[in-house]
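Single-structure report; data block below.
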Amino acid sequence: MLARRVLGTSRRAALGSVEAALSGLKSIWGSSQRFCSALPKGVTYRELKDLLNSKNIMLIDVRDTWEVLEHGKIPGSVNIPLDEVGEALQMNSRDFKEKYHEVKPSKSDSLVFSCFAGVRSKKAMDTAISLGFNSVQHYAGGWKEWVTYEISEKKQEN
């Protein structure tokens, strides 16, 4: 009888601890979802042009190097292929500079990721956020949209 009472008390205490832990996790999860949903997700062509002109961002093109060489790039962008983004953002400053010929961004620097049409840039943005970068966006229109707008603007100038 005593053993049953002790086991019952222990089981209730353990369940109480588990419930408290789950409640805490739910609270953290809710907070993180609100935080993540408040982050800017994408920039428009015009916003990206303004950001590039301000020189207050690092634009990272996550297409494969052959794509950049074959099709061109947005002026001022740095090519870091998607499969290198996580490692690159964790490199020490000297190695980053040596490999990408740019100063490594800090976790508070403004980053914008681009690719061909917005899929890979979104993945790169998510990677950067998971590594603690807190001012990160992506250009969903990508190279495909950029070229279209640039051609249109040049025609209007002529």
Side-chain angles (χ1 to χ4, degrees), residues 19-158:
E19 287 173 348
L22 285 175
S23 175
L25 285 174
K26 286 178 186 172
S27 173
I28 291 168
W29 175 252
S31 299
S32 69
Q33 283 192 313
R34 282 190 302 278
F35 171 74
C36 289
S37 66
L39 289 171
K41 295 296 182 199
V43 296
T44 65
Y45 168 79
R46 180 54 43 209
E47 289 168 335
L48 181 58
K49 287 233 17 166
D50 292 344
L51 287 167
L52 287 168
N53 288 333
S54 75
K55 306 213 185 290
N56 287 333
I57 63 151
M58 176 181 271
L59 176 61
I60 300 174
D61 187 330
V62 298
R63 293 177 294 158
D64 290 334
T65 304
W66 71 264
E67 291 176 271
V68 173
L69 294 172
E70 187 172 317
H71 302 290
K73 68 178 199 158
I74 297 172
S77 65
V78 179
N79 180 228
I80 303 175
L82 179 60
D83 61 355
E84 296 176 23
V85 168
E87 182 182 334
L89 294 176
Q90 296 178 77
M91 282 180 171
N92 69 48
S93 297
R94 184 177 43 90
D95 291 344
F96 187 94
K97 176 80 170 166
E98 188 175 302
K99 184 165 185 170
Y100 300 109
H101 311 288
E102 291 289 334
V103 174
K104 181 185 174 219
S106 72
K107 291 190 177 186
S108 62
D109 286 342
S110 295
L111 303 178
V112 175
F113 292 95
S114 71
C115 61
F116 184 74
V119 175
R120 289 174 284 179
S121 61
K122 170 74 169 78
K123 288 179 183 175
M125 179 183 76
D126 292 342
T127 297
I129 290 169
S130 75
L131 293 172
F133 288 79
N134 54 30
S135 183
V136 184
Q137 300 177 84
H138 81 116
Y139 174 41
W143 174 250
K144 186 177 178 180
E145 181 181 89
W146 180 271
V147 170
T148 302
Y149 276 115
E150 289 291 295
I151 291 170
S152 175
E153 283 187 4
K154 287 195 182 1
K155 283 182 182 176
Q156 290 175 2
E157 290 173 4
N158 294 331

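Predicted model, so just to flag it, every value in this text is computed and none were measured.
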**Asked** Taking Asp64 for the side chain and Trp66 for the main chain, is one N or O donor matched with an acceptor at less than 3.5 Å?
**Response**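 A pair under 3.5 Å: no.
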Distance in Å, [X] [atom1] paired with [Y] [atom2], rounded so as to fall on 0.5 Å steps:
X	Y	atom1	atom2	answer
Arg120	Asp83	CZ	CG	10.0 Å
Ile60	Leu111	CD1	CG	5.0 Å
Ser106	Phe133	OG	CZ	7.5 Å
Cys115	Lys122	SG	NZ	12.0 Å
Ile151	Gln156	CD1	CD	12.5 Å
Asp95	Gln90	CG	CD	13.0 Å

**Asked** Counting heavy atoms not belonging to Glu87, are there more than 12 under 6.0 Å from its CD?
**Response**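 Result for CD/Glu87: open.
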**Message:** Does Tyr100 have more than 12 heavy atoms from other residues, nucleotides or ligands lying within 6.0 Å of its OH?
**Reply:** yes
**Minimum side-chain heavy-atom gap Glu145-Phe116 below 4.5 Å** =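 Contact flag for Glu145/Phe116 side chains = no.
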**Glu150 and Tyr45, any side-chain heavy atoms less than 4.5 Å apart** =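 Yes, at least one pair of side-chain atoms sits under 4.5 Å.
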Which pair of heavy atoms, one from [X] and one from [Y], lies closest together, and at what distance?
X	Y	value
Asn134	Ser108	OD1-CA, 3.6 Å
Gly118	Ser121	O-OG, 3.2 Å
Thr44	Tyr139	C-CE1, 3.9 Å
Val85	Phe113	CG1-CE2, 4.2 Å
Thr127	Gly86	CG2-CA, 3.8 Å

**Message:** Can you pull out every salt bridge (charged side-chain N to carboxylate O under 4.0 Å, His left out) where at least one residue sits in residues 97-112? Sequence neighbours excluded, please.
**Reply:** Glu84-Lys99
**Prompt:** For the side-chain contact (heavy atoms from CB on, under 4.5 Å) test, which of Leu89, Ile57, Val136 pairs with Pro105?
**Reply:** Leu89
In residues 68-81, what donor-acceptor pairs under 3.5 Å come from side-chain atoms, sequence neighbours left out?
residue	atom	partner	partner atom	Å
Lys73	NZ	Ser77	O	2.8
Ser77	OG	Ile74	O	2.7
Asn79	OD1	Thr65	OG1	3.0
Asn79	ND2	Asp61	O	3.0
Asn79	ND2	Arg63	O	2.8

